2 protein chains.
Amino acid sequence: MDHFMPSVSNLTDHTGYLMRLVSNAVSQDFACKVAAIGVTVAEWAFLRVLFDTDGIAPTALADKMGMTRGAISKLADRLLAKGLIRRSDSQTDRRAQVLALTTQGRNMVPDLARLADENDAETFGLLTTAERAALDQILKTLIERRSLTTTALD
Amino acid sequence: MDHFMPSVSNLTDHTGYLMRLVSNAVSQDFACKVAAIGVTVAEWAFLRVLFDTDGIAPTALADKMGMTRGAISKLADRLLAKGLIRRSDSQTDRRAQVLALTTQGRNMVPDLARLADENDAETFGLLTTAERAALDQILKTLIERRSLTTTALD
DNA sequence: TATTGTTATACTCTATAACTATA
DNA sequence: TATAGTTATAGAGTATAACAATA
């Protein structure tokens, strides 16, 4: 007499689960590092985009970052309160706004970038050069195929 | 006259950033799928652990899942309200409790596991077999080296 | 009518710590 | 005193939708 054993996959059978484990750990480590400078991970990404695309509209930034306009609005409020960005009215469209870095904000970006470099090195430095290259390639493949082009991929 | 150009790394130069992008997208997709059954991603993991380790204490579960006792307590409240788990007092230690699946909860796990399988296939099926194997291996390496043994890795 | 940006609401997840009851 | 579990608080992130002003 056979028992039909329903095969129930383990959590760790799923690549998505493994990735969430690693990703959350890396993000939390990074969050601790940037917290020392007084910003969050989302704020760092916001500032980094403005570093290249200064004078961007909130809606455009939302598209670029894969966030809603409401979320961008709240983030902008916080960064404004911290004196890291400026919010001004568009000259051409009286509904629209323009977001830009303050001098303080702009000066902070290289420091934050360095922390991001460090964090990446600490975590992924554990891998061989080949493994690391493979991982980057695979992640970029997934991002492309799934059109997760939150921030233009170079 | 040289300008010293401070090199500021891009967001996409960081493996951690790429991974967060992919991981968040995968998790959100999965969250939508399991929401149809009425649970969250964290609740799925909770139920899946109980499926193998029925009758576990909250503190032990917190250790196993890499969460605080407070977080486990809130999760347990929700799962209790949904009728998916049972909470009883330990026989041996009157401070301690025992968490176990209800019949309804146990019956739900294979369905959830199937959704997790599907979600994984949809996302990582885009990769070649070799790429997928490499990704799993690399993630497991990172989890081991960083001791992210939230749930025992097989 | 559609779009820009803000605001309100709500929910998940996380972290810290105060609290009780028991050991 | 240490441990088991609960609860309160707070902040980050996410999502939806109502709203006022402008196009």
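Letters go in sequence order (proteins before strands), and every chain restarts at 1. If you're wondering where the values come from, they're calculated on a predicted model, not measured in any experiment.
In this structure, the CG atom of B/D77 is 15 Å from the P atom of C/dC11, given to the nearest Å. Here D/dA23 presents its C1' atom at 17 Å from CD of A/Q91, a figure rounded to the nearest Å. Atom CZ in B/F30 sits roughly 15 Å away from atom C1' in C/dT12 (whole-Å rounding). The separation between A/I72 atom CD1 and C/dT6 atom P is 10 Å, rounded to whole Å. Between B/E43 atom CD and C/dT12 atom P the separation is 7 Å, expressed in whole Å. One atom, CG of B/L75, and another, C1' of D/dT7, lie 15 Å apart when rounded to the nearest Å. Taking atom CG on A/L80 and atom P on C/dT7, their separation rounds to 11 Å, with Å as the unit. At whole-Å resolution of the value, CG in A/L79 and P in D/dG11 are 16 Å apart.
Evaluation of the side chain to side chain donor-acceptor pair (under 3.5 Å) rule for B/K74 yields no partner, not counting sequence neighbours.
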Full working for salt bridge (charged side-chain N to carboxylate O under 4.0 Å, His left out) between A/R48 and A/D52: CA-CA 7 Å; A/R48 184 61 188 82; A/D52 286 341; 3.0 Å; yes
Before giving the answer on side-chain contact (heavy atoms from CB on, under 4.5 Å), spell out for A/E122 and A/D29 the whole-Å C-alpha distance, their side-chain angles and the decisive distance to 0.1 Å. CA-CA 10 Å; A/E122 279 173 25; A/D29 283 357; 5.6 Å; no
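If you find the closest nucleotide of DNA chain C to A/A57 and to A/N24, the one lying nearer the 5' end belongs to A/A57.
Within 4.0 Å of B/A31, counting heavy atoms only, lies no atom of the nucleic acid at all.
Two residues are said to be in side-chain contact when any heavy atoms from C-beta on lie closer than 4.5 Å; A/V26 and A/F124 meet this criterion. Counting heavy atoms from C-beta on, the side chains of A/D54 and A/R106 come closer than 4.5 Å. A heavy-atom distance below 4.5 Å is not found between the side chains of A/I72 and A/T59.
Considering only side-chain N and O atoms, A/T59 lies nowhere under 4.0 angstrom from the phosphate OP1 or OP2 of C/dT3. For C/dT7, neither phosphate oxygen OP1 nor OP2 lies less than 4.0 angstrom from any side-chain nitrogen or oxygen of A/S73. Distances shorter than 4.0 Å separate none of the side-chain N or O atoms of B/T40 from OP1 or OP2 on C/dC11.
Tested against A/H14 for a side-chain hydrogen bond (donor to acceptor under 3.5 Å, both in side chains), the candidates B/D136, B/N119, B/D117 yield a single pass: B/D117.
Residue B/Q97 has its side chain nearest to D/dG5 when only C/dC13, D/dG5, C/dT4 are considered.
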How does protein contact run along nucleotides 15-23 of chain C, one letter per nucleotide 5' to 3', with B for base contact, S for sugar-phosphate only, - for none, heavy atoms under 4.0 Å? SB----BBS
